[in-house]
Amino acid sequence: DAGVIQSPRHEVTEMGQEVTLRCKPISGHNSLFWYRQTMMRGLELLIYFNNNVPIDDSGMPEDRFSAKMPNASFSTLKIQPSEPRDSAVYFCASSTQGGYTFGSGTRLTVV
Amino acid sequence: GQQVMQIPQYQHVQEGEDFTTYCNSSTTLSNIQWYKQRPGGHPVFLIQLVKSGEVKKQKRLTFQFGEAKKNSSLHITATQTTDVGTYFCAGPAQGGSEKLVFGKGMKLTVNP
């Protein structure tokens, strides 16, 4: 099992550009979560899906953020337009019952 | 809203020392989970506690769930440099969803 796979590992982009982060959950896990981690705010849940359906997007900061899960093996988190305050590590995690398995994260820097 | 608080936020110990860190929830939890994140890494699931008063051990780590299911502790015996990292506790959000509410973490550094 390759675990939760995220790409890219690092992304540096200019303010105003569109950024797309990708995640492949563990096969058979029916829930997928997108988290953002910063020193100031810790781990924040942005959105989570169950069986590919968005269940709770109350953590999505604003309309610049959107997430999709077109099938059970793929999800994207898009930021458009990006801003410097979006700089953070973005984690995807999946689970079935019990603990989460996190991906290695995408470190996003917006300059 | 529902909160999970961890104390202390930072802990610096000498290698070989024991220490305990605590996690407190504002609400009763059906279970509590602990994760460890190494510097530059991602959170890794360590354990889940479900029963009131439950105690589980993983080598030198001892996890306990409080009787009221609102708090938990992690005790590390004979701390090693490999224990360095940030330890998070997390509990299910109210409403029975799979969403977890994470504490802000306890960052452990070890002096060799």
Side-chain angles (χ1 to χ4, degrees), chain A residues 1-7 9-10 21 23-26 28-60 67 69 88-108, chain B residues 1-10 21 23-25 29-51 54 56 58 61 63 65 72 74 85-109:
Chain A
D1 187 353
V4 176
I5 300 172
Q6 290 188 246
S7 64
R9 288 296 307 273
H10 302 273
L21 311 181
C23 175
K24 176 178 167 54
I26 290 175
H29 282 192
N30 57 0
S31 293
L32 182 141
F33 307 84
W34 282 100
Y35 279 85
R36 177 171 67 178
Q37 186 176 43
T38 60
M39 288 291 292
M40 292 297 295
R41 301 171 72 96
L43 275 167
E44 300 176 273
L45 177 66
L46 301 177
I47 186 170
Y48 90 91
F49 296 84
N50 185 262
N51 293 324
N52 313 338
V53 176
I55 302 299
D56 184 344
D57 66 354
S58 59
M60 295 286 261
M69 191 165 185
V89 180
Y90 291 80
F91 288 108
C92 174
S94 70
S95 77
T96 177
Q97 299 277 341
Y100 291 2
T101 302
F102 282 82
S104 298
T106 295
R107 181 173 295 276
L108 174 66
Chain B
Q2 183 183 3
Q3 289 186 319
V4 174
M5 296 148 287
Q6 292 186 245
I7 49 172
Q9 283 190 307
Y10 301 93
T21 184
C23 174
N24 298 303
S25 170
L29 301 171
S30 59
N31 68 79
I32 195 155
Q33 300 177 19
W34 286 88
Y35 293 77
K36 177 183 177 182
Q37 184 176 18
R38 294 182 185 274
H42 58 277
V44 174
F45 173 73
L46 293 178
I47 207 160
Q48 177 174 282
L49 304 170
V50 178
K51 298 177 184 176
E54 186 172 13
K56 285 188 177 180
Q58 286 182 351
L61 276 59
F63 303 85
F65 202 6
S72 180
L74 161 59
T86 301
Y87 293 82
F88 294 94
C89 63
Q94 288 181 299
S97 72
E98 285 196 62
K99 176 177 162 180
L100 287 178
V101 177
F102 279 82
K104 293 213 182 299
M106 188 282 299
K107 185 174 181 179
L108 175 66
T109 53

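Worth saying up front: this structure is predicted, and the values here are computed from it rather than measured. Proteins get letters first, then strands, A, B, ... in listed order; numbering begins at 1 in each.
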- Query: Where does A:S58 contact chain B at under 4.5 Å (heavy atoms): side chain, backbone, both or neither?
  - Reply: side chain

- Interface moiety of B:K99 toward chain A, non-hydrogen atoms closer than 4.5 Å: both

- Item | Residue A:Q37 versus chain B: region with a heavy atom under 4.5 Å | side chain

- Query: Given that the side chain runs from C-beta out, which part of A:R41 has a heavy atom under 4.5 Å from chain B: side chain, backbone, both or neither?
  - Reply: backbone

- Rounded to the nearest 0.5 Å, how far apart are OG1 of B:T86 and CE of B:M106? 8.0 Å

- Which bit of B:L100 is near chain A, if near means a heavy-atom gap under 4.5 Å: side chain, backbone, both or neither? both

- Minimal non-hydrogen separation, A:Y100 against B:F45, with atom names: O-CB, 3.6 Å

- Return the option, out of A:G42, A:G103, A:G105, with the maximum number of heavy-atom pairs under 4.5 Å with chain B. A:G103

- Message: According to salt bridge (Lys or Arg N to Asp or Glu O under 4.0 Å), who are the partners of B:K36, at least two apart in sequence or on a separate chain?
- Response: none

- Item | Proximal component of A:F33, with respect to chain B [non-hydrogen, under 4.5 Å] | side chain

- Task: Please examine the side chains of B:M5 and B:C23, heavy atoms only from C-beta on, and report whether any two atoms are closer than 4.5 Å.
- Result: no

- Contact winner vs chain B - A:A93, A:G98, A:S104, A:G99, heavy-atom pairs under 4.5 Å: A:G99

- Query: Can you name the nearest heavy-atom pair linking A:I26 to A:G3, along with the distance?
  - Reply: CG1-C, 3.6 Å

- Which atom of B:V4 lies closest to which atom of B:G91, heavy atoms considered: CG2-N, 4.5 Å

